[in-house]
There are 2 protein chains.
Amino acid sequence: MPSGAQKRQPKYQRIAAALKEAIAAGQYGPGDRLPGESELMGTYGVARMTARQAFAALQAEGLVEARKGAGVFVREFKVGLRRRGIQRLAVEVWGAGGSIWAADGHGRDPQVEFLGVSEKPAPAAVAAALGLPAGAIVRVRRRRFLLDAKPVMVATSYLDAALTAGTAIAEPDSGPGGIYARLADLGRKPVRFREEVRSRMPTPEEADGLGLTSGTPVVLVCRTAFTADGHAVEVNEMTLDASAYVLEYEFDAP
Amino acid sequence: MPSGAQKRQPKYQRIAAALKEAIAAGQYGPGDRLPGESELMGTYGVARMTARQAFAALQAEGLVEARKGAGVFVREFKVGLRRRGIQRLAVEVWGAGGSIWAADGHGRDPQVEFLGVSEKPAPAAVAAALGLPAGAIVRVRRRRFLLDAKPVMVATSYLDAALTAGTAIAEPDSGPGGIYARLADLGRKPVRFREEVRSRMPTPEEADGLGLTSGTPVVLVCRTAFTADGHAVEVNEMTLDASAYVLEYEFDAP
DNA sequence: CCCCTAAACATATCTAGACATCTACTTGAC
DNA sequence: GTCAAGTAGATGTCTAGATATGTTTAGGGG
């Protein structure tokens, strides 16, 4: 080691920083293969576990992706699904400045895969939100959204089972206009929505269901739909691949 | 090992699953210390690195937190600050001279730490959003928000340097009502906002600045403020500790 | 009683090597 | 020419240590 350089930083962090810098400099582009473990061992004169630890640091950051038997690759962010809370015509006026994160997912809409509809006792939080007694039966509709055959979101919708019995909401195909149109048919048209947004690391089950590589968080969106008289008629819990979505909300200063 | 149970699953995953189950069962509560590496070595008859790998899996999930020299502890989620997209920005609030962050939290206000104001060439995306030529000079205000002396957000605000020259916006203390009240003084009152929300794992620098433990993502909120004539006057990039915040948005059906 | 120090303990880093499993490519048989 | 088997190489898992560094606690000195 030449002179008293920064020995404070662990070897694996310095290797990781060097790789990161090489990626940032464009030496390795998205999808490119990085030098392998054995190559790093030779280049930096470290043991294999140390080289692996460097890769682990980059994986945790979501920068690279290891494919067993193949190598470690710079991750490519195809991304760019833009989920708007409000679809308004005013977009032309207010959109003049352009979006900060130019997501070019124009026209590419995710495909919907229906996972089933069932009746179950409501989770406590859902029952409370819908104004139902604890343990009330709710109708549960589960869907999965795919972009280019890759899952990007899982959505679970909860509705009062008694209210929606015998309607298309209880069927796999909820008909034209979706469940909101059916709720309108019932005189329970949703007119106002509240969305609560969180983010955390996925459970192994979530990572499996969304096909997430390590280093990718999930975004949880919980939307509650209200009728004009202020009653909640639907709770929709969505689990999104954080690397695939940009959420967008617009609102006025009242 | 009794009979031919699931040997397909790696040891470290089974150890991690066992610990996870114990946590879920309440055997270890938030803040409690888990059995240490040497203890796991004895209990499961594995090497140190294998026990460490089990902990690493739980850390990546954000479930536990390792403190060097002390042990591995079940993470305690101090619960979310609620960040509302609408009420928070109500005209009455900042028009009356109150801080927009007074609406945050459950009565507990985050403290604001001012990190400085400066003039710099605008990043390309910011210049485009503000409708300024590439490389135009913008005023950059950086602040950090702390809850119980722990940082939870870093905010960087960009404004046209020429427009805001000589105003309180160029000073550390932007005066009563904050920079939006000052923009209103200039006849550039923001009346509409767009927020774009993403999430990803933090860079090491971000993790350091926010004091994040591994397994905690960041939420990126980019707010653009528009005047009545549709011009963007401010771009505010916020980096949030994902475990500290719940974002909330309300809107009407289109 | 407080402060400082030392020891015990815990995690963090690192090494060296073994076997497992998957991938991509090459080779050979049909 | 096509398909299958074989093989080299890559990451994944696991062991068994050594050394480094931070934390906690117990003890001793002031």
Side-chain angles (χ1 to χ4, degrees), chain A residues 1 4-19 28 31-60 62-75 204 207-208 211-215, chain B residues 1 4-19 28 31-60 62-75 204 207-208 211-215:
Chain A
M1 203 134 313
Q6 291 190 13
K7 182 66 175 69
R8 320 188 67 86
Q9 201 176 18
K11 287 185 183 178
Y12 78 93
Q13 281 187 16
R14 280 193 290 148
I15 297 175
L19 289 171
Y28 303 102
D32 285 0
R33 185 178 176 280
L34 293 175
E37 293 172 354
S38 0
E39 209 163 334
L40 287 192
M41 289 170 66
T43 304
Y44 294 95
V46 295
R48 191 168 157 240
M49 290 303 293
T50 306
R52 281 184 63 76
Q53 211 168 350
F55 282 134
L58 296 181
Q59 277 185 73
L63 220 90
V64 305
E65 178 178 1
R67 289 207 290 273
K68 183 175 179 178
V72 180
F73 299 82
V74 180
R75 212 168 130 194
D208 191 60
L212 301 177
T213 71
S214 88
Chain B
M1 203 138 310
Q6 291 189 13
K7 182 67 176 68
R8 317 194 70 86
Q9 201 177 19
K11 287 185 184 179
Y12 77 94
Q13 282 188 15
R14 280 192 290 149
I15 298 175
L19 289 172
Y28 303 102
D32 285 0
R33 184 179 177 280
L34 292 175
E37 294 173 354
S38 349
E39 209 162 334
L40 287 192
M41 289 169 66
T43 304
Y44 295 95
V46 295
R48 176 176 297 278
M49 288 303 294
T50 305
R52 282 184 62 75
Q53 213 169 350
F55 282 134
L58 296 180
Q59 275 185 75
L63 216 80
V64 305
E65 178 178 2
R67 290 207 288 274
K68 184 173 177 177
V72 179
F73 300 82
V74 180
R75 209 167 132 196
D208 191 60
L212 301 176
T213 71
S214 88

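Sequence lines set the chain letters: A, B, ... in the order given, protein chains first and strands last, and positions in each chain run from 1.
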- Task: Rounded off to whole Å, could you give me the CD-to-C1' distance for the A:Gln9 and C:dA12 pair?
- Result: 14 Å
- Task: Using side chain to side chain contact (heavy atoms under 4.5 Å, CB included) as the criterion, list what pairs up with B:Ala56, not counting sequence neighbours.
- Result: none
Show me the protein contacts with nucleotides 15-18 of chain C, counting only N or O atoms at under 3.5 Å.
from   : atom 1 : to      : atom 2 : distance (Å)
C:dT15 : OP1    : A:Lys11 : NZ     : 2.9
C:dT15 : OP2    : A:Ala47 : N      : 2.9
C:dT15 : OP2    : A:Thr50 : OG1    : 2.4
C:dA18 : N6     : A:Arg48 : NH1    : 3.1

- Contacts of B:Ala207 meeting side chain to side chain contact (heavy atoms under 4.5 Å, CB included) (sequence neighbours excluded), chain-then-number -> B:Pro202, B:Leu212
- For A:Pro35 against A:Tyr28, the heavy-atom pair lying closest together: CD-OH, 3.4 Å
- Message: Among D:dT11, C:dA10, C:dT13, which nucleotide has an atom closest to any side-chain atom of B:Arg33?
- Response: C:dA10
- Item | Taking every non-hydrogen atom, the tightest pair across A:Leu34 and A:Val64 | CD1-CG1, 3.7 Å
- Query: Can a side chain N or O of B:Tyr12 be found less than 4.0 Å away from OP1 or OP2 on D:dC14?
  - Reply: no
- In whole angstroms, the gap separating P of D:dT11 from CG of A:Leu58 amounts to 13 Å
- Item | For atom CD of A:Glu39 and atom C1' of D:dG9, their distance in whole Å | 12 Å
- Query: Tell me the salt bridge (charged side-chain N to carboxylate O under 4.0 Å, His left out) pairs involving residues 62-71 of chain B, sequence neighbours left out?
  - Reply: none
- Footprint string (nucleotides 21-26 of chain C, 5' to 3'): B base within contact, S backbone only, - free, heavy atoms under 4.0 Å: BBB---
- Quick one: A:Arg14 CZ to C:dA12 P, roughly how many Å, whole number? 20 Å
- Query: Given atom CD of B:Glu37 and atom C1' of C:dC9, what is their separation to the nearest angstrom?
  - Reply: 11 Å
- Note on the structure: From CD of B:Gln13 across to C1' of D:dT13 the rounded distance in Å is 10 Å
- Message: From OH of B:Tyr44 over to P of D:dT15, roughly how many Å is that when rounded to an integer?
- Response: 14 Å
- Message: Under 4.0 Å from OP1 or OP2 of D:dG12: is there any side-chain N or O of A:Arg52 that close?
- Response: yes
- Item | Those residues that, when tested against A:Ala66, pass side chain to side chain contact (heavy atoms under 4.5 Å, CB included) (two or more places apart) | A:Gln59, A:Val72
Donor-acceptor pairs under 3.5 angstrom involving side-chain atoms of residues 39-54 of chain B: please list them, not counting sequence neighbours.
from    : atom 1 : to      : atom 2 : distance (Å)
B:Thr43 : OG1    : B:Glu39 : O      : 2.8
B:Arg48 : NH1    : B:Glu37 : OE1    : 2.7
B:Arg52 : NH1    : B:Glu37 : OE2    : 2.7

- Message: Just the rounded figure in Å: distance from C1' of D:dT11 to CD of A:Glu65.
- Response: 13 Å
